[in-house]
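Read the structure below first, then the notes.
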Amino acid sequence: MPSSSDHPISGQTVGPQPDLRSPYDPLAAIRRDDDPEFDVFLTGTVFFDIIFIGLEAPPQTGTEVWASGMGSSPGGVANMAVACSRLGLRTSLAATFGEDLYGDYCRQTLGIQEGVDLSYSRYVTGWHSPVTVSVVYERDRTMVTHGHIPDVQARLVRQPPQARVSFVDLGSDRQPWVDAFAADGGRIFADLGWDPEDRWDIGRLREGLQDCYAFSPNAMEAMAYTRTDTPQKALEVLAELVPLAVITCGPDGAIAHDRESGVTVHAPAIPVEAMDPTGAGDVFAAGLMVGTVAGWPLEHRLRLANLGAALSVRHFGGALAAPGWGDIATWWRETGSKDPVLADDYTFLSKTLPDYDLPEVSRAIATLGFRSRR
């Protein structure tokens, strides 16, 4: 089996990118001529995801189980890139794409359908796209992944573009561009994830969070790293490490502390009929970044993040489950504004949403693509 070093990066870019932006720009009121070209810059691995839902029973050894639903979608870092772009952030992604049908599909979906800038992305010669198969049963999921991460992924970004924010995974080695991005005034949102070694080294966490603006672990991770027994106590510790500390608490919503304003907020979750949790955390982070860049109060930022995550789990397929402003407007018109509690919590949407109709977004379908009919 060839190693990743056997797959050189080609000089070929992914091609010119059309100027496709969200039909609604939440930052329109604050944009200036000298703003950075992008609102958010991301880098990471794009997977081709295949998702099965509607199983009558979980898969067992030696048996075959039929699924009532199936979807295909870009995955991995594409989840966050699409979520950001659908919420109106001008999004740039540095990723590698295989010279295969999966790679072409992911590139076209991101760059053409979703309007993500791919000028920092490249094809890798002789490398196939990594693939993840996700099986969802009773609102939980099991995944099988195959792929090779090319060595060139770590060298893809030498000098990052100017952008307002970026999101980095502290679980991998910190790349030099992250320090350059922070030094240039960009805000870094960070996550670390589950510690497979069960060490929960807060010293390593503290080092990784240097120059980071925000950190958003889930409750279990936050309590493990801080050696505390409640999310509220964990938040107090994390608030000393970053200007914006956020802890997601599953069905209990999210809590956060903003050092600049000194405000601590708890935003309850929104009850929905969940189909697939894939990518919900990425949608949450995208909403948090949108609200932060727009200068919203902490409460509104958390509520938008919760709403986006809730709307995403109603569909399957991580990237293409992310809501756009049209989906948010439909939810507000048909559900939020008619529920007394939700209407009070989300009344800011009535002032945020435009007074014209917004389209809803594309969803995952069961196949890589249909042949065009002539």
Side-chain angles (χ1 to χ4, degrees), residues 22-29 79-80 82-84 86-89 139 214 216 218-219 231-232 235 244-258 261 263-318 320-361 363:
S22 169
Y24 169 60
D25 183 3
L27 308 186
N79 294 345
M80 184 169 293
V82 172
C84 289
R86 288 183 171 185
L87 289 180
L89 293 183
R139 303 183 184 181
S216 54
N218 65 37
Q232 291 75 18
L235 184 67
L244 177 61
V246 181
I247 297 177
T248 57
C249 304
D252 291 327
I255 57 175
H257 179 80
D258 178 57
S261 63
V263 172
T264 299
V265 170
H266 169 238
I270 296 176
V272 294
E273 187 66 30
M275 179 182 292
D276 179 9
T278 304
D282 297 307
V283 177
F284 179 93
L288 191 66
M289 288 190 283
V290 169
T292 298
V293 171
W296 291 4
L298 180 58
E299 179 182 355
H300 295 174
R301 286 184 261 171
L302 277 193
R303 292 197 186 282
L304 177 66
N306 278 344
L307 176 58
L311 295 181
S312 74
V313 302
R314 302 186 307 173
H315 304 276
F316 60 90
L320 300 185
W325 285 106
D327 304 273
I328 292 172
T330 298
W331 175 86
W332 171 247
R333 182 176 63 252
E334 298 180 356
T335 303
S337 62
K338 296 179 180 180
D339 182 301
V341 175
L342 292 175
D344 186 54
D345 290 342
Y346 282 88
T347 188
F348 69 93
L349 287 179
S350 63
K351 301 177 182 179
T352 302
L353 293 167
D355 57 1
Y356 52 85
D357 291 337
L358 295 168
E360 296 188 6
V361 295
R363 300 298 178 193

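Residues Met80 and Ala285 approach most closely at CE-CB, 3.7 Å, considering heavy atoms. Across Pro251 and Ala269, no two heavy atoms sit closer than the pair O-CB, 3.5 Å. Scanning all heavy atoms of the two residues, the minimum distance from Leu298 to Ala256 falls at CD2-O, 3.8 Å. Looking at every heavy atom in both residues, Leu288 comes nearest to Ala305 through N-CB, 3.9 Å. Here the shortest heavy-atom pairing between Asp258 and Ser261 reads OD2-OG, 2.7 Å. When all heavy atoms of Ser312 and Ala309 are compared, the closest pair comes out as OG-O, 2.7 Å.
Atom CD1 of residue Ile255 and atom OG1 of residue Thr248 lie 9.5 Å apart, to the nearest 0.5 angstrom. Between Ile270 atom CD1 and Asn306 atom CG the span is 6.5 Å, to the nearest 0.5 Å. To the nearest 0.5 Å, the span separating CG on Leu87 from CE on Met289 amounts to 9.5 Å. With rounding to the nearest 0.5 Å, the separation of CG in Leu302 from CZ in Phe284 is 5.5 Å.
In terms of the side-chain hydrogen bond (donor to acceptor under 3.5 Å, both in side chains) criterion, residue partners of His257 (sequence neighbours excluded) are, by chain and number, Thr264. Scanning for side-chain hydrogen bond (donor to acceptor under 3.5 Å, both in side chains) contacts around Thr352 gives an empty result, with sequence neighbours left out. Applying the side-chain hydrogen bond (donor to acceptor under 3.5 Å, both in side chains) rule to Glu360 yields the partners Thr330; only residues at least two apart in sequence or on another chain are considered. Not a single ring-ring contact (aromatic ring centres under 6.0 Å, His included) links Trp332 to another residue, sequence neighbours left out.
Between Pro354 and Trp325 the shortest side-chain heavy-atom distance does not fall below 4.5 Å. Residues Leu304 and Ile328 have side chains in contact (heavy-atom distance under 4.5 Å, counting atoms from C-beta outward).
None of Val283, Asp327, Leu320 except one satisfies the side chain to side chain contact (heavy atoms under 4.5 Å, CB included) rule with Arg86; the exception is Leu320.
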Begin from the C-alpha positions of Arg301 and Leu244 and carry the test side chain to side chain contact (heavy atoms under 4.5 Å, CB included) through to its verdict. CA-CA 11 Å; Arg301 286 184 261 171; Leu244 177 61; 3.8 Å; yes

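The salt bridge (Lys or Arg N to Asp or Glu O under 4.0 Å) pairs that include a residue from residues 267-291 are Arg139-Glu273, where partners are two or more places apart or lie in different chains.
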Please table the atom pairs, donor to acceptor, closer than 3.5 Å between any side-chain atom in residues 342-351 and protein atoms at least two apart or in another chain.
from: Tyr346; atom 1: OH; to: Arg303; atom 2: O; distance (Å): 2.8
from: Ser350; atom 1: OG; to: Thr347; atom 2: O; distance (Å): 2.5

